[in-house]
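Read the structure below first, then the notes.
Every chain is numbered from 1, with letters handed out A, B, ... down the list of sequences. All values reported here derive from a predicted model rather than from experimental measurement.
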Amino acid sequence: MRRGACSLGLLALWAAGLCLPATAALACSVCTDPDDPRAKAYFDMTIFMSLFPLLAMGIVGIWLWRRVVAAEAASAR
Amino acid sequence: MESVVRGDLRLVHPPPKPRQQVVPNEVLGVTIFILTELMLFAGFISAFTIAKSSAPMWPPPGQPRLPLEATAINTVALLLSGALAWWAGRRFDRVGPASARWPMVATLGLGAFFVLFQGYEWVGLLREGLTLTSSNQGGFFYLIVGAHGLHAMGGLTVLTVMSVRLVQEQLDSGAFWAGRLFWYFVVLLWPVLYVLVYR
């Protein structure tokens with residue numbers, strides 16, 4: 001009984017979440033105006049600053065991993 | 001073969017394998033340093049791109065045009081210096097340290113030419129009115145190109161020390177690799193900054 005009530009409560013919460021979708025936050029002045037010339041620059045630089053460190057660390061990680069594999073292969077010989 | 005007797009059991013441990021160094025410590029240290037410096041320049045590039053896109057006119061009114069053509073020659077000199085550093089590394093590994101001397105000296109010479117030419121260019125731009133506070137363009141130009149110039153001067157110091165140690169036959173392979181790695185960073189970063197800032 002108590003478990004059923006808990007499930008019903010969660011279901012109601014989920015339904016409320018669907019009925020009350022989040023509205024766009026207006027914190028950033030350029031995000032809301034697609035015609036603003038800065039919007040593309042902000043978007044591009046957000047992507048760049050998000051992906052660039054991952055790419056740089058990934059390249060170094062792959063390089064180190066390949067060197068480890070080569071060293072292991074050399075020591076196995 | 002090391003053995004330890006415990007009660008009835010006789011545990012036999014094979015001797016530990018000698019640890020093989022995958023990457024010299026100097027190279028790993030410089031790689032991590034380069035990663036942090038890359039993020040510094042990524043931040044500069046990001047801020048510059050947004051500032052440039054926010055400006056109604058670029059270059060801002062009353063500001064001089066950056067010397068695109070003259071700097072192209074300087075860019076070629078720096079790229080050539082990077083290629084010579086790479087060749088010096090190959091000769092060091094394949095022929096011997098003595099054979100890497102003259103490519104290293106040529107690398108140093110071209111690197112010094114790049115920094116001196118930049119200084120000459122800056123004097124001209126300052127005379128034309130492009131200062132750190134004259135406009136957004138001036139501020140970003142001296143910040144980004146200046147930060148790269150400081151790295152180039154640091155790289156030149158490293159190249160000088162390496163060249164002296166190479167002549168004295170005291171340069172080991174790991175230190176040489178690490179020094180060249182930093183110079184490659186200085187060389188390969190420049191074309192990106194040149195295209196972004198001077199264009």
Problem set entry | Qualifying ring-ring contact (aromatic ring centres under 6.0 Å, His included) pairs, either residue in residues 59-81 of chain B, two or more places apart | none

Problem set entry | Atom group of B:Ile50 that falls short of 4.5 Å from chain A, counting heavy atoms | both

Exercise. Are B:Leu116 and B:Leu150 linked, directly or through other ILVMFWY residues, by side chains that come within less than 4.5 angstrom of each other?
Worked result: no

Problem set entry | Partner residues of B:Ala70 under the side-chain contact (heavy atoms from CB on, under 4.5 Å) criterion, sequence neighbours left out | B:Pro67, B:Phe117

For this session: Would you mind telling me which of B:Ile32, B:Leu35, B:Ile34 has the largest number of heavy-atom pairs within less than 4.5 Å of chain A?
Result: B:Leu35

Distance-only donor-acceptor hits, side chain of residues 83-90 of chain B, under 3.5 Å, sequence neighbours excluded:
none

Problem set entry | Shortest non-hydrogen contact from A:Phe48 toward B:Ile45 | CE2-CG2, 4.4 Å

Exercise. Which region of A:Val68, side chain (C-beta onward) or backbone (N, CA, C, O), has a non-hydrogen atom less than 4.5 Å from a non-hydrogen atom of chain B, or is it both or neither?
Worked result: both

Exercise. Are B:Val105 and B:Leu156 joined in one hydrophobic group, where the rule is that I, L, V, M, F, W and Y side chains link up if heavy atoms are under 4.5 Å apart?
Worked result: no

Problem set entry | Under 4.5 Å from a heavy atom of chain B, the part of A:Leu64 involved | both

Exercise. At their closest point, which heavy atom of B:Ala42 faces which heavy atom of A:Met49, and how far apart are they?
Worked result: O-SD, 3.6 Å

Seminar exercise, completed: Applying a strict 4.5 Å limit to non-hydrogen atoms, the region of B:Leu28 in contact with chain A is side chain

How about the chain B/chain A donor-acceptor pairs under 3.5 Å, what are they, with distances?
residue : atom : partner : partner atom : Å
B:Val22 : O    : A:Arg67 : NE           : 2.9
B:Val22 : O    : A:Arg67 : NH2          : 3.2

Problem set entry | Same apolar cluster (I L V M F W Y, side chains within < 4.5 Å links), B:Leu68/B:Leu126 | yes

Exercise. Do A:Met57 and A:Val60 belong together in a cluster built from hydrophobic side chains that touch within less than 4.5 Å?
Worked result: yes

Exercise. Would you say B:Phe113 and B:Trp122 are hydrophobically clustered, going by side-chain heavy atoms of ILVMFWY under 4.5 Å?
Worked result: no

